[in-house]
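Each residue takes its place number in the sequence, starting with 1. Numbering of ligands and ligand atoms starts at 1, following listing order. Remember, it's a predicted structure, so these values are computed and weren't measured experimentally.
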Amino acid sequence: MPATSSPDAHPADPLAGLHDALLAWLPSQRWFPAKGREVAGLRTVGHAVVSAPGETPTVEHAVIAVSFADASGGSAEERYQLVLGVQSSPPADVEYAVIGRRRNEEGGDDVVYDGLADGRISRLFLSLITENATRGPLRFVAEPGTEAPIVGPGRPLIGEQSNSSVIYGERAIMKLFRRATAGLNPDLELHRALGRQGSREVAPLLGAIEGELDGEPMTVAMLQSYASNSADGWSMAQASVRDLLAEADLRPDEVGGDFAGEAHRIGKTVAAVHLELAAALGTQPLDARGASDIEAWMLERLDRAAAAVPGVAEQRDAIADVLRGVTAAEPSSLQRIHGDLHLGQELRTPTGWLVIDFEGEPSKSLADRVRPDSPMRDVAAMLRSFDYAAFHQLSEWEQSADDPDPQLERRAQEWADRNRSAFCDGYAEVTGTDPRDAPELLRAYELDKAVYEVLYETRNRPSWVSIPLRSMRRLLTPAGRGER
Ligand SMILES: Nc1ncnc2c1ncn2[C@@H]1O[C@H](COP(=O)(O)OP(=O)(O)O)[C@@H](O)[C@H]1O
Ligand SMILES: O=P(O)(O)O[C@H]1O[C@H](CO)[C@@H](O[C@H]2O[C@H](CO)[C@@H](O)[C@H](O)[C@H]2O)[C@H](O)[C@H]1O
């Protein structure tokens, strides 16, 4: 069935003439997560003009609701934020971002385009933040006590992103949250809490844009200090694994580009963030009741993954047994955590590591993303990421080689073990608690993450799914239990 604009779109809907163009444009946007799903319709649920009368271009902020024909791949309807530039003839450098044309009040046509592509619009947003301005329902707020960045145009960040960011002259970075959700976005909330705690493990928050959805506050965007001259942990780890697989006769500690020193530092950084989050936002005991709630969420998501992926369904009962390890574990504590940690969420700066993107797993509801959880979830997610780094290279190598080499698989496993262990050592040094001392809890969280990843990869990057499937099998064997 072809996608149509919603029949209940109000004639006064300012985007009414643009629905079909938007429906054609959305699937080509990296941040639009529902690429494979059949779209049933679109309606505008929020709209405001942000530019002042007479300002060129006209800038609009909109929230659209996209509904899907098939609800089994996720929610039946998802809401997204748009910043739109509107001008009869916009400059040539935003041509690539054009969405479509819309009739204007004079009876002519305007071009409507993705506003973040236009340096004039990103400059306007930055100056409104520094002025603590209000435009319609949008409030632009500078973070108290921070130095105002020099106002200038931003350049859109090109790369793999769930949201959309613009960078201001290597000084600041603004992220527009694409998924529109009523409530305070945890990325903003936790950056604010950590910044006020004096954290050196996150980039300082410089400001935010706040709006409204369903009569509640909503986070539109977040501005923070830009760490220039930084590299992300995933790229660095990939370079290290590449060196190892090229020198298959050597051990991970013998080749150039050994990553264990960095893995140890990342462990210390994650531990410091956990201590700071606990100090800023408190802790609560992980008692029998809390553990049984966590077990119930894990089992629920296991069943969702099993319904979608046969490889998970086959192992469902064995996985469930491991997940029940959460209730068998010693009492510990719950607190706010990162929630979706991986090597790509760590930036190596000349002075240390920064943790970014505290939004939590993108497919979870806001209520689930802000729920206190065990810090073990983050630790387990990092351990998974070391596995990913090692085995992603191997699976690529295997796909291109005629004759798979078992020696390389052993080497990749050595790389993962060495770095997982260095990470845990670093974590234990700072918190005084070694994650490996709670092996059943750690294993349950690692397996829960692997199950999530199998579903994530099936929906987003099917050629990667063998990586978490391989780990899932390893975590179900007795040999996969030991961390040391
Ligand atoms: N403070 C920062 N300094 C430098 N680069 C950053 C900073 N924050 C984010 N980035 C870059 O932007 C990318 C996307 O940021 P992220 O917060 O992960 O966005 P998303 O939620 O869209 O995935 C990161 O991978 C990193 O390259
Ligand atoms: O970065 P996001 O918050 O959008 O997180 C999602 O995408 C991640 C991939 O970009 C995904 O992470 C998985 O792949 C990583 C390698 O690309 C690997 O390091 C992680 O360990 C693995 O989980 C993440 O799960 C997903 O929520």
> Is the W415 ring parallel, tilted or perpendicular to the F259 ring (thresholds 30°, 60°)?
Replying inline: parallel
> Which class fits the ring pair W234 and H392: parallel under 30°, tilted 30 to 60°, perpendicular over 60°?
Replying inline: tilted
>> Let me confirm one number: the CG-CG distance from L84 to L22, rounded to the nearest 0.5 Å.
In response: 7.0 Å
> For the atom pair CG (L383) and CE (M376), what is the distance rounded to the nearest 0.5 Å?
Replying inline: 9.0 Å
Subset of ligand 2 atoms that lie under 4.0 Å from at least one heavy atom of [X]:
X	result
W234	16 (C), 19 (O)
Q345	1 (O), 3 (O)
D357	3 (O)
S162	4 (O)
P362	27 (O)

>> Quick check: closest heavy atoms across P186 and R336, and the distance to 0.1 Å?
In response: CB-NH2, 3.9 Å
>> Side chains of P156 and L116, heavy atoms from C-beta outward: is any pair under 4.5 Å?
In response: no
Among all protein heavy atoms, pick the one closest to [atom] and tell me residue, atom and distance.
atom	answer
atom 5 (O) of ligand 2	D340 OD2, 2.9 Å
atom 22 (C) of ligand 2	E453 OE2, 3.4 Å
atom 7 (O) of ligand 2	Y456 OH, 2.9 Å
atom 25 (O) of ligand 2	Y452 CE2, 3.4 Å
atom 19 (O) of ligand 2	S385 OG, 2.7 Å

>> My understanding is that only one of R420, H264, R436 makes a side-chain hydrogen bond (donor to acceptor under 3.5 Å, both in side chains) with D425; could you say which?
In response: R436
Ligand-protein N/O pairs under 3.5 Å (ligand 1):
unit_1   : atom_1 : unit_2 : atom_2 : d
ligand 1 : 1 (N)  : S225   : O      : 3.0
ligand 1 : 3 (N)  : A227   : N      : 2.8
ligand 1 : 17 (O) : K175   : NZ     : 2.8
ligand 1 : 18 (O) : D357   : OD2    : 3.1
ligand 1 : 19 (O) : Q161   : NE2    : 3.3
ligand 1 : 19 (O) : K175   : NZ     : 3.4
ligand 1 : 21 (O) : N163   : ND2    : 2.8
ligand 1 : 21 (O) : K175   : NZ     : 2.9
ligand 1 : 21 (O) : D357   : OD1    : 3.4
ligand 1 : 21 (O) : D357   : OD2    : 3.2
ligand 1 : 22 (O) : Q161   : NE2    : 2.8
ligand 1 : 22 (O) : S162   : N      : 3.1
ligand 1 : 22 (O) : N163   : N      : 2.8
ligand 1 : 22 (O) : N163   : ND2    : 3.4
ligand 1 : 23 (O) : S162   : N      : 3.4
ligand 1 : 23 (O) : D357   : OD2    : 3.4

Can you tell me if [X] uses its side chain to pair, donor with acceptor, with the backbone of [Y] under 3.5 Å?
X	Y	value
H274	Q335	no
Q161	S165	yes
D232	S235	yes

>> Going by the closest heavy atom to atom 17 (O) of ligand 2, which one wins out of R461, H342, H338, E359?
In response: R461
>> Less than 6.0 angstrom from the centroid, inside 45 degrees of the normal: does R178 satisfy that with respect to the ring of W31?
In response: yes
